[in-house]
Amino acid sequence: MEKFHPLSNLDRYQVILASGSPRRKELLELLDIAFSVDTSHSVDETVPSDVAVDSIPAYLSKLKAEAYPLSAGDNKLVITADTVVILDGKLLGKPKSREGAIEMLNLLQGRTQRVVTGVTIRTAAGCETWSAESEVEFAELTCEEIEYYIDKYQPLDKAGAYGIQEWIGAAAISGIRGSFYNVMGLPVHRLYNALKKY
């Protein structure tokens with residue numbers, strides 16, 4: 001008797017995660033599907049000025065997916081994503097330096113920010129793009145705590161200068177509304193339900 005797998009419909013595809021994020025790879029692995037990582041098709045991530053802040057992650061995830069060459073009849077299914085932190089209607093991307101990371105965490109501490117991830121699923125038949133949002137409440141942090149986190153965990157590759165799965169998530173995040181995994185970089189529950197349709 002053939003064993004049940006909730007995403008056996010994906011067996012006809014070569015699933016590709018087009019992201020170099022180790023966190024997204026780890027999260028996609030939670031769905032127990034076979035996939036490969038391919039970051040060979042990079043794009044210019046310049047966003048036009050008329051794209052609303054909330055729409056930037058979806059815009060970028062679609063841009064990344066469309067950079068991947070697919071031809072008619074191709075059996076590849078490409079997943080791309082982009083995550084941003086939004087505070088007071090402004091985008092907080094990845095910090096460029098230690099000082100920039102300190103500045104970002106000083107802005108976030110004691111506040112609630114929104115984390116938005118745009119996800120695109122693309123096959124030869126077409127693509128779909130959507131966004132997921134979570135609200136993250138930060139407790140107050142001292143300068144020493146902020147510097148401890150930055151110096152130990154080096155979060156310069158993370159939007160908003162923090163990774164919720166690290167020390168700061170345990171010590172300083174007092175509440176989340178929405179998906180925890182979305183804050184890490186991939187809303188896997190929603191992705192799982194989307195993939196069931198393929």
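Along the sequence shown, residues are numbered consecutively beginning with 1. Note that these values count all heavy atoms, side chains included, but never hydrogens, waters or copies made by symmetry. Everything quoted here is computed from the prediction, not taken from an experiment.
Here the closest heavy-atom approach between residue Arg122 and residue Ala65 is recorded as NH1-O, 2.9 Å. The two residues Thr112 and Leu87 come nearest to each other via the heavy atoms O-CD1, 3.7 Å. The shortest non-hydrogen separation linking Gly185 to Thr117 is O-CG2, 3.6 Å.
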Inset, instruction - Any chance you could lay out the salt bridge (Lys or Arg N to Asp or Glu O under 4.0 Å) test for Asp157 and Arg23, step after step, and finish with the verdict? - result: CA-CA 11 Å; Asp157 64 333; Arg23 291 164 296 282; 3.5 Å; yes
Inset, instruction - Output, in order, the C-alpha distance, side-chain angles, deciding distance and verdict of side-chain hydrogen bond (donor to acceptor under 3.5 Å, both in side chains) for Gln109 and Tyr162. - result: CA-CA 11 Å; Gln109 59 104 11; Tyr162 75 92; over 6 Å; no
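Within a 6.0 Å radius of NE2 in His41, other residues, nucleotides and ligands contribute more than 12 heavy atoms. Annotation: Lys196, atom NZ; neighbour count of heavy atoms from other residues, nucleotides and ligands within 6.0 Å is above 12. In Tyr181, the OH atom is not crowded: 12 or fewer heavy atoms of neighbouring residues, nucleotides or ligands sit closer than 6.0 Å. No more than 12 heavy-atom neighbours from other residues, nucleotides or ligands sit within 6.0 angstrom of CD on Glu103.
Counting only heavy atoms from C-beta outward, the side chains of Val85 and Leu108 approach each other to under 4.5 Å. At a threshold of 4.5 Å between non-hydrogen side-chain atoms, the residues Trp130 and Pro187 count as touching. Between Arg111 and Asp88 the shortest side-chain heavy-atom distance falls below 4.5 Å. With a 4.5 Å cut-off on side-chain heavy atoms, Ile164 and Ile176 count as touching.
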